Amino acid sequence: MPDLLLELFSEEIPARMQAKAADDLRRMVTDKLVAEGLVYEGAKAFATPRRLALTVHGIPARQPDLKDERRGPRVGGPEPAIQGFLKATGLSSISEAKIQHDKKGDFYIALIEKPGRAAIDVIAEMLPVIIRTFPWPKSMRWGARSAKSGSLTWVRPLHAITATFGLETEEPDIVKFSVDGIEAGQTTYGHRFMAPGPISVRRFEDYEAKLLDAKVVLDPDRRKDTILTDAKQLAFAQGLELVEDQVLLDEVSGLVEWPVVMMGSFEEQYLSIPNEVIRATIRNNQKCFVVRDPKTGKLTNKFVLTANIEAPDGGKTIVAGNERVIRPRLSDAKFFYETDLKTKLEDRLPKFEQIVFHEKLGTQAERIKRIERLAAEIAPLVGADVEKTRRAARLAKADLLTEVVGEFPELQGLMGKYYALAQGEDAAVAAASEEHWKPQGPTDRVPTDPVSVAVALADKLDTLVGFWAIDEKPTGSKDPFALRRAALGVIRLITENGLRFPLYERCMFHSLFFAERTLSTFEGLVAKKSKSLEFVVPGLSKALEERAHRIARSETALESAFAHFDAVVTNLLTFFADRLKVQLRDQGARHDLVDAVFSLGGQDDLLLVVRRVEALGKFLDSDDGKNLLAGTKRAGNILSIEEKKDKRTFDGAPDAALYRLDEEKALAVAIDQVKAEASAAVAKEDFAAAMSAMAKLRPAVDAFFDKVKVNDDDAKVRENRLKLLNEIRAATRAVADFSRIEG
């Protein structure tokens, strides 16, 4: 079957857009082919700085013929309906229609036969539409055409279109179409400098080979391999080691069509700058790789660059040009770093009073005070030194006002660590400056030092509670404040460090510090009411009372505030549950088990939730677990039906005097035993033992459903047996809500 070759040749396409553009081209063309009935065998797209290319293999030469039946009006129906039917189907008279008989009467049926068109004609029709509607993030008009209404917009000026279609054994045909005066043909161009002349191509194999001869490597992956291999070998030849950078490699491969790797150098005096600053300077400004000494692990005064040309002088001029640009950039970085060292981190803090974090949440200075207070409260819970934690939280954001971070925002936190160490801070305090930002993604490292963990939790919880308090929650795909990432960070900090952390208590107490800003009716708290929070926040009534006296006037305001923030924090815990489901699902666990555990209420200890979910998952994988789940669901289904029928629930203890069968008595005994054992095991947080206790219920449940008729003719016996079924449901709730479990 024929193959399609398409190339869109233009000025330089930004490297960051190339991969998506190639994927979009493949998707748009192949989706349209399938929609037209042209099912292909395979497709692959490519991108270089000056071209998008696509090859589609095994396209049928013609569309299949279309045969369709269209039902029309009833025989003897209104004349306008019949005329509309004839017009829609292309029939010249109603006598050409067939008559179909069914229960509702006789109807006209039109048999429509539409012969398929040649595939090349279909392609010639669809490609201009795809080119004109191509989804570039940014596009432009250019030249004389820019003044024309409806002229083509493209990411950069489009110069040529190559489009051929044909069998491998024959000379392919040109797909004839034009876009804004650009005629499709079979001519492309090689490397801008080394082989700029026109190249006539026929099909993909011929096209790729001729481009390679013209100093263009079409495949981005091949360019990446060339750059990485040559860079490693160049560094190795000098006894050095390349610092690999996949993101930079992806970008650099999109800047060149013919990669040529070279090495440059800079003055050793710049090695006094932290390695990360050197790397950021060279990477961001010149798109170059850095190298290190494998013996020490420290950077050397060398860098690796990728040129797009084989220069006559072997690249000396190119290397010198890059060195000439990098030198002043490093000089600036050195100046920024040395200037930053002259000002202590703590002396920068007053400037935060003039920087608004969020109009509804106050300044950065207010936020830092909240984090400092919350981190100190969290410290004992995670085994951290309170004073070190307080100090770390106070200084953690200070490097945001430094010159280096202003120039390289990606170094926030890391520079804070360097500056803290330079001014003699404790190592744990310094480390928290960098680590409190972590984890920033699913693959990022989770801090383990207790001080860092306390500050990281405080930072993320302040963000989450604050934005929940002002009702700025993520909606759909929109999450401008990265709140989902913050919640996942909290989950990973707690679960991967094995922390027992009462989320509701911490969030509820912290939410009160947003009261003055978020509740206009919140005039205060009084000692009497603050003590009523003791059941929710044990041990904090005194602290709440002290806080209350500063801003309190009425008990009504307390009730309003407590109701508001209880709803806020409860909603936030639901958000945590949803994020935990995502995390556990990504790890291979079942999301419905999280629902089953969270639905019990009061499940704000994430570590215990995870352990309970793990134990529940193992239990349900066993035969006992599967059969007990089936029995529990059967009991639940019967109860639902009967409760709906009787318009009542069957709560309350069954009457032992009404048991008529041994299976009823055995089930009642088993339920009492299992309830006691499972509850005791859960209280000890031994969830494996709780599941083992649950397994003892299975034989009694199986026997009950085997021998006992629930809906007995005697109304009292029926009610008693339904109560017994309710006891099964209540017993299993000691470990999870089995009604939430799928299957």
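Note that this is a predicted model, so its numbers are computed, not measured.
Taking 4.0 Å as the cut-off between side-chain N and carboxylate O, Asp444 and Lys438 count as a salt-bridged pair. Salt-bridge check for Asp592 with Lys581: failed, with every basic side-chain N at 4.0 Å or more from each acidic carboxylate O. No salt bridge links Asp225 with Arg222; every basic N to acidic carboxylate O contact stays at or beyond 4.0 Å. Between Glu742 and Arg590 there is no salt bridge, since no side-chain nitrogen of the basic residue lies less than 4.0 Å from a carboxylate oxygen of the acidic one. A salt bridge does not link Glu251 with Arg16: none of the charged nitrogens is closer than 4.0 Å to a carboxylate oxygen. Looking at Glu434 and Lys417, a side-chain N of the basic residue comes within less than 4.0 Å of a carboxylate O on the acidic one, giving a salt bridge. Using a cutoff of 4.0 Å between basic side-chain nitrogens and carboxylate oxygens, Arg27 and Asp24 are scored as salt-bridged. Using a cutoff of 4.0 Å between basic side-chain nitrogens and carboxylate oxygens, Lys32 and Glu36 are scored as salt-bridged. Remark: Glu12 engages Arg192 in a salt bridge, criterion side-chain N to carboxylate O under 4.0 Å. The pair Glu257-Arg223 fails the salt-bridge criterion, with no side-chain N (NZ, NE, NH1 or NH2) lying under 4.0 Å from an Asp/Glu carboxylate O.
For the pair Asn322 (side chain) and Ile318 (backbone), a donor-acceptor distance under 3.5 Å is present. Not one N or O on the side chain of His159 forms a donor-acceptor pair closer than 3.5 Å with the backbone of Leu8. Using a distance-only test at 3.5 Å, with no hydrogens or angles considered, a donor-acceptor pair links the side chain of Lys210 to the main chain of Ser200. Side chain of Arg117 to backbone of Arg62: no donor-acceptor contact under 3.5 angstrom is found. Without hydrogens or angle criteria, Asn301 side chain to Phe266 main chain gives a donor-acceptor distance under 3.5 Å. Between the side chain of Thr162 and the main chain of Thr187, a donor-acceptor pair closer than 3.5 Å is present. Of the possible polar contacts, one joining the Asp479 side chain to the Leu483 backbone as a donor-acceptor pair under 3.5 Å is found. At distances below 3.5 Å, at least one donor-acceptor pair connects side-chain atoms of Glu323 with backbone N or O atoms of Ser265. For Arg579 (side chain) and Gly489 (main-chain N/O), no donor-acceptor pair under 3.5 Å exists by modelled atom type. With hydrogens and angles ignored, the 3.5 Å screen pairs a side-chain donor or acceptor of Arg50 with a backbone N or O of Gly190.
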Let's go through Asp3 and Arg203 carefully: what are the C-alpha distance in whole Å and the side-chain angles of both, what is the deciding distance for salt bridge (charged side-chain N to carboxylate O under 4.0 Å, His left out) to 0.1 Å, and is it a yes or a no? CA-CA 8 Å; Asp3 299 337; Arg203 55 182 52 84; 5.9 Å; no
What verdict does the salt bridge (charged side-chain N to carboxylate O under 4.0 Å, His left out) test give for Arg26 and Asp23, after you've listed the backbone C-alpha separation in whole Å, the side-chain angles of each residue and the deciding distance to 0.1 Å? CA-CA 5 Å; Arg26 179 194 56 76; Asp23 187 60; 2.8 Å; yes
Could you please spell out the steps behind the salt bridge (charged side-chain N to carboxylate O under 4.0 Å, His left out) verdict for Lys176 and Glu183? CA-CA 7 Å; Lys176 294 181 180 180; Glu183 296 283 346; over 6 Å; no
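Heavy atoms from other residues, nucleotides or ligands lying under 6.0 Å from CZ of Arg292 number more than 12.
Using a 3.5 Å distance cut-off with no hydrogens or angles, the side chains of Thr317 and Asp313 do pair a donor with an acceptor. No hydrogens or angles considered: a donor-acceptor pair under 3.5 Å links the side chains of Glu276 and Tyr418. Looking only at atom types and distance, the side chain of Glu310 has a donor-acceptor partner in the side chain of Trp258 under 3.5 Å away. Using modelled atom types and a 3.5 Å distance limit, the side chains of Asn284 and Glu407 yield no donor-acceptor pair.
Ile161 contributes atom CD1, which lies 11.5 Å from atom CG of Leu52 (distance to the nearest 0.5 angstrom). The CD atom of Gln18 sits 7.5 Å away from the CG atom of Leu255 when rounded to the nearest 0.5 Å. Glu208 CD to Asp213 CG: the interatomic distance, rounded to the nearest 0.5 Å, is 11.0 Å. The CZ atom of Arg283 sits 15.5 Å away from the CD1 atom of Ile278 when rounded to the nearest 0.5 Å. Once rounded to the nearest 0.5 Å, the distance linking CG of Leu5 with CD of Gln186 reads 10.0 Å. Rounded to the nearest 0.5 angstrom, Leu271 CG and Lys334 NZ are separated by 11.0 Å.
Val304 approaches Ala231 most closely through the heavy-atom pair CG1-CB, 3.9 Å. Closest approach of Pro220 to Ser253, counting heavy atoms only: O-CB, 4.4 Å. The two residues Leu218 and Phe204 come nearest to each other via the heavy atoms CD2-CE1, 3.7 Å. Tyr189 approaches Ala160 most closely through the heavy-atom pair CE1-CB, 4.2 Å. Of all the heavy atoms in Cys288 and Leu248, the pair that sits closest is O-CD2, 3.4 Å. Here the closest heavy-atom approach between residue Val201 and residue Thr164 is recorded as O-CG2, 4.3 Å.
Between Tyr108 and Phe85, the ring-plane angle classifies as parallel under the 30° and 60° cut-offs. Using the six-membered ring where Trp is involved, Trp154 and Trp136 have ring planes that are perpendicular, over 60° apart on the 30 and 60° scheme.
A cation-pi arrangement is absent between Arg132 and Phe134 under the rule of less than 6.0 angstrom and at most 45 degrees off the ring axis. The cationic atom of Arg51 (NZ for Lys, CZ for Arg) does not lie both less than 6.0 Å from the six-membered ring centre of Phe9 and within 45° of the ring axis.
Side-chain contact between Leu240 and Leu234: absent, with no pair of heavy atoms (C-beta onward) separated by less than 4.5 Å. Proximity of Ile326 to Thr281: side-chain heavy atoms (C-beta onward) are nowhere separated by under 4.5 Å.
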